[in-house]
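Just below is one structure, and these are the notes that go with it.
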Amino acid sequence: MAAAAAAETSEASTAGLALAEANINWQRLDKTRFHVIGAILFTAQQGVLHPTAVVKTRMQVAEGGLSHMSGFSVFRRILRSDGIPGAFRGFGTSAVGALPGRVFALTSLEVSKEMAFKYSEHFDMSEASRIAVANGIAGLVSSIFSSAYFVPLDVICQRLMAQGLPGMATYRGPFDVISKVVRTEGLRGLYRGFGITMLTQSPASALWWSSYGGAQHAIWRSLGYGIDSQKKPSQSELVVVQATAGTIAGACSSIITTPIDTIKTRLQVMDNYGRGRPSVMKTTRVLLEEDGWRGFYRGFGPRFLNMSLWGTSMIVTYELIKRLSVKPE
């Protein structure tokens, strides 16, 4: 959700294109309607993509043959052993837990962005530069606050997704996960992977939006919407271009960030590293011993599909939410 809010700046920064005229800023939105509609539509989007997250997680943490199977093979195996519910393990916890998290992330983003933009008035900067700096600061602040909330949620959900695999613990539900993790590791156990998430989330987000902006700009130019163009794109053109750019951005980001995601997932889920608390270095070493360098791309297929579909559906969904949430004039 926080990432989706950055779409406003990405659109507005495409200077000279009629696309900027379709931008709906924060002040024009009915906040209550925006959050309610957003909760409904983004939860639906999350539900559609959740099975790919389950497949990815299982491929990343599994040992032996499962880690070398294709994503479709793993998915069929899940259906054979656990049925449809197996493909949605952890969804209830993820969906309900993400509701306050989305509001929290978006609020921290918008408040910090407004403060940074106002403070930048004291500097000799163009408006475009002020917007860029303000959004960069806001994205960093939002990432920090969001990680504090979402990392424990990720730990819980991923453990629920991975249960049933050899060597993985079984749980009766999210509260059982919390109880067992806290009992064995304390509260810090819920923050496994927090450091690596903090160090990688901001660059990954920057990569996503950079790819999205570049792809969108190239597509508009190829369609004849240059700086001096007077024609305006239709609503269908806006949706198609934004969706295509989102797909490209998700694909580019997944290629570069999958190794870090594999390490993070294993760090948050696996316990069988012998004595001592799991660490990034220990997790990396075990992964290399098990599978060599190719091990860093375990689950790449499902993650590639997940991020590509996420990029497309997030942009289209977010724009729809904004249009439905505009205050009456």
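The basis for the numbers below is simple: all heavy atoms, side chains too, and nothing from hydrogens, waters or symmetry mates.
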Separation of [Y] [atom2] from [X] [atom1] (nearest 0.5 Å):
X      : Y      : atom1 : atom2 : result
Leu160 : Asp176 : CG    : CG    : 9.0 Å
Thr284 : Met281 : OG1   : CE    : 6.0 Å
Met161 : Arg89  : CE    : CZ    : 11.5 Å
Ile248 : Thr312 : CD1   : OG1   : 9.0 Å
Gln46  : Leu99  : CD    : CG    : 8.0 Å
Arg102 : Phe150 : CZ    : CZ    : 7.0 Å

Taking the side chain as every heavy atom from C-beta outward, state whether [X] and [Y] have any atom pair closer than 4.5 Å.
X      : Y      : result
Phe88  : Val54  : no
Ser313 : Val48  : no
Val155 : Arg159 : yes
Leu79  : Ile84  : yes

Q) Which other residues end up in the same hydrophobic cluster as Val96, if Ile, Leu, Val, Met, Phe, Trp and Tyr are linked when side-chain heavy atoms come under 4.5 Å apart? A)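 Reading the cluster by chain and number, Val96 sits alone, since nothing else belongs.
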Q.
When you measure from the side chain of Ser94 to the backbone of Gly90, do you find a donor-acceptor pair of N or O atoms at a distance under 3.5 Å?
A. no
Q. So, Arg33 side chain and Leu324 main chain: donor-acceptor pair closer than 3.5 Å or not?
A.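 It does hold such a pair.
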Minimum heavy-atom separation for [X] and [Y], please, with both atom names.
X      : Y      : answer
Cys157 : Thr93  : SG-CG2, 3.9 Å
Phe194 : Ala148 : CE1-N, 3.8 Å
Thr43  : Ala95  : CG2-CB, 4.0 Å
Leu29  : Lys322 : CD2-O, 3.6 Å
Tyr149 : Gly101 : CE2-CA, 3.5 Å
Ser222 : Ile219 : OG-O, 2.6 Å

Q. Does a donor on one side chain and an acceptor on the other come within less than 3.5 Å for Arg183 and Ser179?
A. yes
Co-membership, hydrophobic cluster, residues [X] and [Y], 4.5 Å side-chain:
X      : Y      : result
Leu41  : Leu49  : yes
Ile156 : Val182 : yes
Ile40  : Ile321 : no
Val316 : Leu238 : no
Phe34  : Ile37  : yes

Q) Aromatic ring centroids of Tyr171 and Phe175 under 6.0 Å? A) no
Q) Looking at residues at least two apart in the chain, or sitting in another chain, which of them share a ring pair (Phe, Tyr, Trp, His ring centres under 6.0 Å) with Tyr297? A)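 Checked Tyr297 against ring pair (Phe, Tyr, Trp, His ring centres under 6.0 Å); matches are Phe300.
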Q. Should the heavy atoms of other residues, nucleotides or ligands under 6.0 Å from CZ of Phe91 be counted, would the total exceed 12?
A.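 Count over threshold, so yes.
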Q: Just do the side-chain contact (heavy atoms from CB on, under 4.5 Å) check on Val181 and Arg192 with the steps written out, would you?
A: CA-CA 10 Å; Val181 171; Arg192 278 195 190 182; over 6 Å; no
